[in-house]
Amino acid sequence: MFRKGRTWILLFLILAVLVSGSYLLGNYCLEQKAEELFLELSEQEHTGDVLAESLIKRNTNCIGWISIPGTSFSYPVMGSSSENPEYYLHRDFDKKYSFYGTPFLDYRCRLQSDNLIIYGHNINGGRLFGALQKYREEFYGKEHDTIEFTTKTGKETYHLVSVLETDISSEWYGFTDVYNSSDYVKMVTYLLNHGKYLTERSVKVKKELARGIDISHKYQFFSLSTCRTMDGKDKRLLVIFMRERGEDVWNPF
């Protein structure tokens, strides 16, 4: 009876290993497929300083491409709608199911908005927006303090201003456009007061505010949002960049 019990336990363990191995292999294959698609797309991401027409023709929802110089972080950005704001949460560039999903812009944002919020999955091993976890360390932020965003109208460079370890209730998620100076300054002050560490840009803006300089809509922010899975299901990491507006002054319409 004892030997029979041991046999059943052994068979159960073998089955569990086989099922687990099959699951891991399946996930690995899906991850490889997703990475290969991103690599394929990256080879045609832009022509000069504008988004490649071939990407837009392949999927008209593609609004841009993000990349962090000096790293392998390089991905398309998809538009979203109020009817289905998380459409690309688990869909690839070709609209097929993908656990990876594809980075997408918050449906409330326009490309001229005060704050562009882009969502992406935190994939184990530092893949996709999992690479942003490195920005929790100040030395990494200083070494990789720029991000490039290429659209069909051109390329913009944004500089790191703040890193927030927060959750889904963060005020920053409510900020896409504001329509008066006081609310804009309030949101910028919130950002500066909650960052993990100071950056060159955050010091600059703090000095401007201390001098009473009017910064209303002077800067456009570029916020990358992802999960902090190990810290809790509602925990989020926001890596936020900014650029000084030039001739493209803020327009609420």
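For an aromatic pair to be called close, the ring centres must be under 6.0 Å apart, and Phe104 with Tyr87 fails this. Between Phe73 and Tyr75, the distance separating the two ring centers is shorter than 6.0 angstrom.
Between the OG1 atom of Thr166 and the NZ atom of Lys235 there is a distance of 8.0 Å, given to the nearest 0.5 Å. Atoms CZ and OG, from Arg108 and Ser82 in turn, are 11.5 Å apart once rounded to the nearest 0.5 Å. Here the straight-line distance linking atom CD1 of Ile63 with atom OG1 of Thr153 works out to 10.5 Å at 0.5 Å rounding. The CG atom of Leu238 sits 8.5 Å away from the OH atom of Tyr119 when rounded to the nearest 0.5 Å. Note that the OG1 atom of Thr157 and the NE2 atom of His159 stand 6.0 Å from one another [nearest 0.5 Å]. Atom-to-atom distance recorded for Ile118:CD1 and Phe129:CZ is 6.0 Å, nearest 0.5 angstrom.
The pair Arg245-Asp114 meets the salt-bridge criterion, since a charged nitrogen lies less than 4.0 angstrom from a carboxylate oxygen. A salt bridge does not link Arg236 with Glu165: every distance from a Lys NZ or Arg NE/NH1/NH2 to an Asp or Glu carboxylate oxygen is 4.0 Å or more. Using a cut-off of 4.0 Å between Lys/Arg side-chain N and Asp/Glu carboxylate O, Glu143 and Lys134 are scored as not salt-bridged.
When each of Arg201, Lys204, Glu244 is tested with Tyr219 by the rule side-chain hydrogen bond (donor to acceptor under 3.5 Å, both in side chains), just one qualifies, namely Lys204.
A pairwise comparison of heavy atoms in Ser42 and Leu39 identifies OG-O, 2.7 Å as the closest pair.
Side-chain contact between Lys96 and Arg91 is absent, with no heavy-atom pair separated by less than 4.5 Å. Using a 4.5 Å cut-off on side-chain heavy atoms (C-beta onward), Leu198 and Lys206 make contact. Looking at heavy atoms from C-beta onward, Asn122 lies out of side-chain contact with Arg228 at the 4.5 angstrom threshold. Counting heavy atoms from C-beta outward, Met78 and Leu105 have side chains that stay 4.5 Å or more apart. Within the 4.5 Å cutoff, no side-chain heavy atoms of Val50 are placed close to those of Lys152.
Below 30°, between 30° and 60°, or above 60°: for Tyr184 and Phe221 the angle between ring planes is between 30° and 60°, a tilted geometry. In this pair, Phe38 and Tyr100 present their aromatic rings tilted. The plane angle is within the 30 to 60° band.
Linking Ile, Leu, Val, Met, Phe, Trp and Tyr residues whenever their side-chain heavy atoms come within less than 4.5 Å leaves Tyr107 and Leu224 in two separate clusters. By the criterion of side-chain heavy atoms lying less than 4.5 angstrom apart, applied directly or through intervening Ile, Leu, Val, Met, Phe, Trp or Tyr residues, Leu41 is grouped together with Ile56 in one hydrophobic cluster. Residues Ile240 and Ile215 are members of one and the same hydrophobic cluster, defined by side-chain heavy-atom contacts under 4.5 angstrom among Ile, Leu, Val, Met, Phe, Trp and Tyr. In this structure, Ile168 is not a member of the same hydrophobic cluster as Ile117, with clusters built from ILVMFWY side-chain heavy atoms closer than 4.5 Å.
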Does the pair Phe149 and Phe222 meet the rule for a side-chain contact (heavy atoms from CB on, under 4.5 Å), with working shown? CA-CA 9 Å; Phe149 184 44; Phe222 195 82; 3.6 Å; yes
For a side-chain contact (heavy atoms from CB on, under 4.5 Å) check, start with the C-alpha distance between Leu237 and Leu164, then their side-chain angles and the critical distance, and finish with the verdict. CA-CA 6 Å; Leu237 178 72; Leu164 304 184; over 6 Å; no
Show the numbers, then the answer: is there a salt bridge (Lys or Arg N to Asp or Glu O under 4.0 Å) between Glu208 and Lys218? CA-CA 11 Å; Glu208 288 180 331; Lys218 178 179 180 180; 2.8 Å; yes
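Checking side-chain atoms of Thr199 against main-chain N and O of Leu160 turns up a donor-acceptor pair under 3.5 Å.
No cation-pi contact links Arg243 to Phe241, judged by a cut-off of 6.0 Å to the six-membered ring centre and 45° from its axis.
One side chain, Ser182 or Asn180, offers a donor N or O that lies under 3.5 Å from an acceptor on the other. Side-chain contact annotation: Asp177 with Ser113, donor-acceptor N/O pair under 3.5 Å present. Side chains of Ser223 and Asn115: a donor-acceptor N/O pair is present below 3.5 angstrom, by distance only. For Gln220 and Tyr158, the side-chain atoms include at least one donor-acceptor pair closer than 3.5 Å. In summary, the side chains of Tyr190 and Ser170 do present a donor paired with an acceptor at a separation below 3.5 Å, with no hydrogens or angles considered.
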